[in-house]
Amino acid sequence: MKNRWSWCFLFLLTVFSCGFISGKIFEVPGVAIDNHINPLHAVSILFTFLTAVVITVFFQTNKDVNNIANSIIIKRIDKVIEIIDVLQDDVETGSIATERAPSVVKRIHDSLKCIWTNIDEQSIKVSTKFQSLEDETRKINDLLTNTPAKKATELTPPVSVKSGKYSYNPARITEIAKHIEDLKNNLFKAQLEVNRSLQVLK
């Protein structure tokens with residue numbers, strides 16, 4: 001930031017000096033230049049130049065900061081989606097370690113909470129609310145860890161625990177997969193909206 005201000009000052013000084021020297025050296029036929037500078041006019045011109053430079057530097061700096069923040073948010077959502085993909089792969093095998101299931105969901109929840117907090121702080125407009133993501137992660141956690149009794153119409157219980165692992169019947173696997181896809185779709189939609197705001201800033 002300090003270097004940027006230094007360069008702007010040098011540029012302003014160079015432009016002013018070039019204009020002053022050109023006025024002394026060259027004469028344009030039919031154009032009379034007053035060699036006496038009105039102090040008020042000089043201050044007015046200098047103030048105009050400084051205002052233009054300050055505004056340019058301020059808005060450019062803010063734009064650069066916003067672009068960086070948006071890019072980080074998009075990458076962070078990508079990382080969460082990678083974690084969700086790994087969880088989905090584990091579930092599709094039909095079983096997952098009892099300590100892993102809730103810890104992965106908690107990690108996803110906490111990461112999303114952090115991301116959406118920053119989205120709000122950066123005033124980025126996304127239609128997906130954190131509450132809906134939180135509801136989805138809680139539903140997934142419940143489906144992964146809740147062990148209801150087997151119904152009479154079911155050959156196997158939806159969830160059972162054996163040898164330190166949760167095991168899921170095909171219906172429960174399908175149900176979990178659906179909610180995982182819903183969560184990923186919401187995150188993908190949010191990524192598009194954050195990226196759209198990034199494009200507007202460029």
Side-chain angles (χ1 to χ4, degrees), residues 1-15 48-93 96-97 99-145 173-202:
M1 183 65 179
K2 186 176 180 182
N3 289 336
R4 179 175 292 177
W5 279 106
S6 300
W7 281 109
C8 288
F9 177 76
L10 289 174
F11 175 74
L12 178 63
L13 185 62
T14 302
V15 170
T48 301
F49 269 113
L50 287 174
T51 301
V53 170
V54 169
I55 290 174
T56 300
V57 171
F58 176 77
F59 282 107
Q60 183 62 40
T61 300
N62 280 352
K63 188 176 77 171
D64 291 344
V65 170
N66 288 336
N67 285 346
I68 292 170
N70 288 17
S71 297
I72 291 173
I73 287 171
I74 291 172
K75 290 178 182 177
R76 186 67 175 150
I77 294 175
D78 272 335
K79 292 295 183 183
V80 175
I81 291 175
E82 288 177 9
I83 297 170
I84 295 171
D85 283 337
V86 172
L87 175 62
Q88 187 170 17
D89 289 341
D90 288 343
V91 171
E92 288 177 355
T93 65
I96 184 172
E99 70 277 3
R100 174 169 165 72
S103 67
V104 172
V105 177
K106 186 178 186 305
R107 183 182 174 192
I108 292 168
H109 173 272
D110 291 347
S111 295
L112 293 177
K113 184 176 181 179
C114 177
I115 291 168
W116 255 253
T117 298
N118 282 278
I119 285 176
D120 291 338
E121 288 176 354
Q122 295 296 322
S123 299
I124 301 171
K125 293 182 179 179
V126 294
S127 59
T128 302
K129 303 302 179 184
F130 175 70
Q131 184 61 53
S132 66
L133 300 176
E134 187 171 47
D135 292 342
E136 203 66 71
T137 54
R138 285 176 176 170
K139 180 65 177 177
I140 291 170
N141 186 65
D142 182 65
L143 290 171
L144 286 170
T145 60
I173 292 173
T174 301
E175 191 176 4
I176 296 171
K178 177 190 178 302
H179 284 279
I180 286 178
E181 282 301 322
D182 289 343
L183 179 59
K184 287 165 62 177
N185 289 339
N186 282 330
L187 294 180
F188 177 66
K189 181 180 178 182
Q191 276 184 309
L192 291 179
E193 291 172 337
V194 173
N195 187 62
R196 190 177 300 121
S197 67
L198 175 62
Q199 297 301 321
V200 170
L201 289 170
K202 287 183 178 180

Distance-minimising heavy-atom pair for Q191 and I74: NE2-O, 3.3 Å
Criterion side-chain contact (heavy atoms from CB on, under 4.5 Å) on D90 and V86, from CA distance to verdict: CA-CA 6 Å; D90 288 343; V86 172; 4.1 Å; yes
Heavy-atom side-chain proximity of N185 to K189 below 4.5 angstrom: no
Chi angles and distances behind the side-chain contact (heavy atoms from CB on, under 4.5 Å) call for N118, R76: CA-CA 11 Å; N118 282 278; R76 186 67 175 150; over 6 Å; no
D135/K139 salt bridge by N-O under 4.0 Å criterion: no
Atom of W116, atom of T128 and distance for their closest heavy-atom approach: NE1-O, 2.8 Å
Interatomic spacing from CG in D120 to NZ in K129 - rounded to 0.5 Å: 7.5 Å
Set of residues satisfying ring-ring contact (aromatic ring centres under 6.0 Å, His included) with respect to H179, sequence neighbours excluded: none
Nearest-0.5 Å distance that lies between atom CD1 in I96 and atom CG in D89: 10.5 Å
Under 3.5 Å donor-acceptor, E193 side chain and S127 backbone: yes
Rounded distance (nearest 0.5 Å) linking atom CG of N141 with atom CD of E136: 12.5 Å
Shortest non-hydrogen separation from H109 to F130 and the atoms involved: NE2-CZ, 3.8 Å
I140 side, atom CD1; E175 side, atom CD - distance, nearest 0.5 Å: 11.0 Å
Contact summary for I115 and V80, nearest pair of heavy atoms: CD1-CG2, 3.8 Å
Worked verdict on E181 versus K184 for salt bridge (charged side-chain N to carboxylate O under 4.0 Å, His left out): CA-CA 5 Å; E181 282 301 322; K184 287 165 62 177; 3.5 Å; yes
Donor-acceptor pair, side chain of D142 and main chain of R138, under 3.5 angstrom: no
Atom of V126, atom of A190 and distance for their closest heavy-atom approach: CG1-O, 4.1 Å
Distance in Å, L192 CG paired with I77 CD1, rounded so as to fall on 0.5 Å steps: 10.0 Å
Value rounded to 0.5 Å, distance of OG1 in T117 from CG in L112: 10.5 Å
Test log, rule side-chain contact (heavy atoms from CB on, under 4.5 Å), inputs L133 and L183: CA-CA 7 Å; L133 300 176; L183 179 59; 3.7 Å; yes
Test log, rule side-chain contact (heavy atoms from CB on, under 4.5 Å), inputs L144 and L87: CA-CA 10 Å; L144 286 170; L87 175 62; 4.3 Å; yes
